[in-house]
2 protein chains.
Amino acid sequence: MNNDTIKIMVIDDQAVVRQGFVALINTVSDMAVVAEGTNGWQAIDLYRLHRPDVTLMDLRMPELGGVEAITAIRKEFPDARLIVLTTYDGDEDIYRSLQAGAQGYLLKDMFFEELEEAIRKVHGGSRRIPTQVAERLAERMGSSDLTGRETEVLEQIVAGHSNKTIAARLNISEATVKSHINSILSKLGVSDRTQAATTALQRGLVHLR
Amino acid sequence: MNNDTIKIMVIDDQAVVRQGFVALINTVSDMAVVAEGTNGWQAIDLYRLHRPDVTLMDLRMPELGGVEAITAIRKEFPDARLIVLTTYDGDEDIYRSLQAGAQGYLLKDMFFEELEEAIRKVHGGSRRIPTQVAERLAERMGSSDLTGRETEVLEQIVAGHSNKTIAARLNISEATVKSHINSILSKLGVSDRTQAATTALQRGLVHLR
DNA sequence: CCAACCCTCTCCCAAAAGGGAGAGGGAGTA
DNA sequence: TACTCCCTCTCCCTTTTGGGAGAGGGTTGG
């Protein structure tokens with residue numbers, strides 16, 4: 001491995017998928033996988049240890065998710081180059097990833113050739129957001145954010161709790177819960193809690209477990 | 001490629017993941033990928049054309065899903081050997097896949113070595129269901145099936161429709177809808193429609209989109 | 001300091017959902 | 001045939017949810 005070789009770290013909890021990525025990357029003469037991990041904590045540890053030039057990161061992982069790992073790595077290493085490589089999980093995930101400091105966001109239904117190009121782009125210091133992804137991101141703009149409390153209430157709704165239970169769990173009155181739900185419904189543009197739950201899941205505002 | 005080579009078909013809509021599988025399989029001396037596809041229709045066409053010894057099939061795909069493709073292929077070729085290779089999507093998916101005629105069900109978070117072993121097992125005529133998966137399947141047993149109509153109503157619930165709207169869409173009275181929902185709630189062991197929606201999604205009884 | 005949020009709450013009302021008991025008709029099976 | 005499901009429906013009742021108007025206290029930022 002000479003000095004021009006791009007050192008790559010691959011973080012994905014699906015072993016056989018990760019092994020596939022590694023195999024593909026290692027077929028490229030000037031790229032080499034120097035570290036592999038299955039969750040966010042490993043990503044942080046392995047980054048410190050190997051200082052890869054580019055990191056490929058999945059989002060949904062046990063223990064510590066991709067967004068949190070990206071945030072932590074960028075905090076310690078502001079120059080870190082990170083590409084999110086994931087199944088499309090909704091506009092919110094894209095937004096949060098870029099917010100956290102990722103330079104690229106690729107979908108797993110793209111071809112390896114695009115991934116290879118993205119790695120070179122990001123390694124060279126530019127960003128790489130495919131049109132398809134950029135469009136999703138644009139959709140999100142304009143759609144208003146939920147406040148912190150509203151997000152908590154939304155999570156409780158998705159967890160299947162009644163207003164009364166939510167009130168008890170959050171230590172507020174049921175009236176306040178209803179007030180938050182009112183805001184949530186209008187911000188999400190839906191008319192009942194079940195729709196709120198399914199659209200929140202689709203948009204990636206919350207995830208099942 | 002000599003006569004002992006195991007001919008494999010890979011069906012997965014995520015291009016880079018599929019390419020990874022192909023790369024891994026082709027590193028094994030007595031295995032060769034003879035066809036690749038991105039959905040159920042292609043799976044059926046390519047099966048007719050190439051008659052692979054073993055097919056690796058993802059479940060969630062556009063156009064035609066994995067379960068339907070397995071059913072169609074097994075109908076035309078009762079000897080077809082099929083392994084489902086997917087992200088875990090709930091016990092219902094496992095059940096339906098095996099019901100449709102798959103001989104194996106592997107999760108993408110397993111290592112390639114296990115996949116290789118599974119391919120050999122299934123090619124040799126046996127089945128291969130990892131303990132982890134078998135346990136999930138066992139969980140499903142005992143939990144009663146939903147009837148056809150109940151499943152339709154459940155889909156409408158997940159789609160976010162009110163009882164009134166569901167009644168209109170299914171051309172039955174609202175009372176009947178409520179009656180079905182009663183059965184659904186008790187069969188799923190939940191107490192309201194939002195819980196029904198989220199547990200149905202978790203168990204893979206229905207999918208978003 | 002004032003405006004803009006956010007979070008909290010009250011009171012009231014209407015609509016929707018959930019729960020229980022019962023019943024008729026149709027299809028399939030023992 | 002008799003039995004068992006499934007699908008359909010009615011009637012009645014309670015609980016939950018959603019919608020509207022308003023208001024006080026807190027923080028933040030211009």
Side-chain angles (χ1 to χ4, degrees), chain A residues 92 95-96 99 140-203 205-206, chain B residues 92 95-96 99 140-203 205-206:
Chain A
E92 195 64 18
Y95 176 76
R96 285 205 270 247
Q99 197 74 10
R140 183 190 179 280
M141 298 308 169
S143 74
S144 42
D145 289 304
L146 297 185
T147 68
R149 207 51 161 169
E150 283 161 3
T151 304
E152 288 183 74
V153 172
L154 183 54
E155 281 164 3
Q156 297 292 313
I157 289 175
V158 173
H161 298 302
S162 68
N163 292 349
K164 191 178 294 185
T165 309
I166 295 174
R169 294 171 70 104
L170 299 185
N171 283 308
I172 54 180
S173 80
E174 193 177 339
T176 305
V177 173
K178 294 173 77 170
S179 165
H180 287 306
I181 291 180
N182 248 307
S183 306
I184 294 170
L185 296 183
S186 95
K187 285 185 181 176
L188 295 185
V190 298
S191 55
D192 63 62
R193 57 174 49 221
T194 308
Q195 286 176 17
T198 53
T199 70
L201 289 170
Q202 281 180 318
R203 292 192 36 190
L205 289 165
V206 295
Chain B
E92 195 63 19
Y95 176 76
R96 283 205 271 246
Q99 196 74 10
R140 184 190 180 282
M141 298 307 170
S143 74
S144 40
D145 290 304
L146 297 184
T147 67
R149 206 50 161 172
E150 284 161 4
T151 303
E152 289 182 75
V153 172
L154 183 55
E155 281 163 2
Q156 298 291 314
I157 289 175
V158 173
H161 298 301
S162 68
N163 292 348
K164 191 179 295 185
T165 309
I166 296 174
R169 293 171 71 104
L170 300 184
N171 283 309
I172 54 181
S173 81
E174 193 178 339
T176 304
V177 173
K178 292 173 79 169
S179 165
H180 287 307
I181 291 181
N182 248 306
S183 306
I184 293 170
L185 296 183
S186 97
K187 285 185 181 177
L188 295 186
V190 297
S191 55
D192 63 62
R193 59 174 47 221
T194 307
Q195 286 176 17
T198 53
T199 71
L201 289 169
Q202 281 181 319
R203 292 192 37 190
L205 289 164
V206 295

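Just so we're on the same page: letters track the sequence lines, and every chain starts at 1.
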- Separation between CD1 (B:Ile181) and CD (B:Glu174), nearest 0.5 Å, reads 9.0 Å

- What is the distance from atom NE2 of A:His161 to atom CD of A:Gln156, rounded to the nearest 0.5 Å? 5.0 Å

What is the distance, rounded to the nearest whole Å, between atom [atom1] of [X] and atom [atom2] of [N]?
{"X": "A:Glu150", "N": "C:dC7", "atom1": "CD", "atom2": "C1'", "value": "10 Å"}
{"X": "B:Ile184", "N": "D:dC7", "atom1": "CD1", "atom2": "C1'", "value": "13 Å"}
{"X": "B:Asp192", "N": "C:dG19", "atom1": "CG", "atom2": "P", "value": "8 Å"}
{"X": "A:Arg149", "N": "C:dC5", "atom1": "CZ", "atom2": "C1'", "value": "16 Å"}
{"X": "B:Lys187", "N": "D:dC5", "atom1": "NZ", "atom2": "P", "value": "11 Å"}

- Item | Flag side-chain contact, heavy atom, 4.5 Å: B:Ile172 against B:Arg149 | yes

- Query: Hey, are the side chains of B:Ile157 and B:Val153 touching, using non-hydrogen atoms and a 4.5 Å cut-off?
  - Reply: yes

- Task: Verify the contact: side-chain N or O of B:Thr147 to OP1 or OP2 of D:dC7, cut-off strictly under 4.0 Å; return yes or no.
- Result: yes

- Query: Taking OP1 and OP2 of C:dA17, is either one under 4.0 Å from a side-chain nitrogen or oxygen of B:Arg193?
  - Reply: yes

- Message: Does either side chain, that of A:Ser173 or that of A:Thr176, offer a donor lying less than 3.5 Å from an acceptor on the other one?
- Response: yes

- Step-by-step side-chain contact (heavy atoms from CB on, under 4.5 Å) determination, B:Lys187 to B:Asn182: CA-CA 9 Å; B:Lys187 285 185 181 177; B:Asn182 248 306; over 6 Å; no

- Item | Residues within residues 160-183 of chain A bordering DNA chain D, heavy-atom distance below 4.0 Å | A:Ser162, A:Asn163, A:Lys164, A:Lys178, A:Ile181, A:Asn182

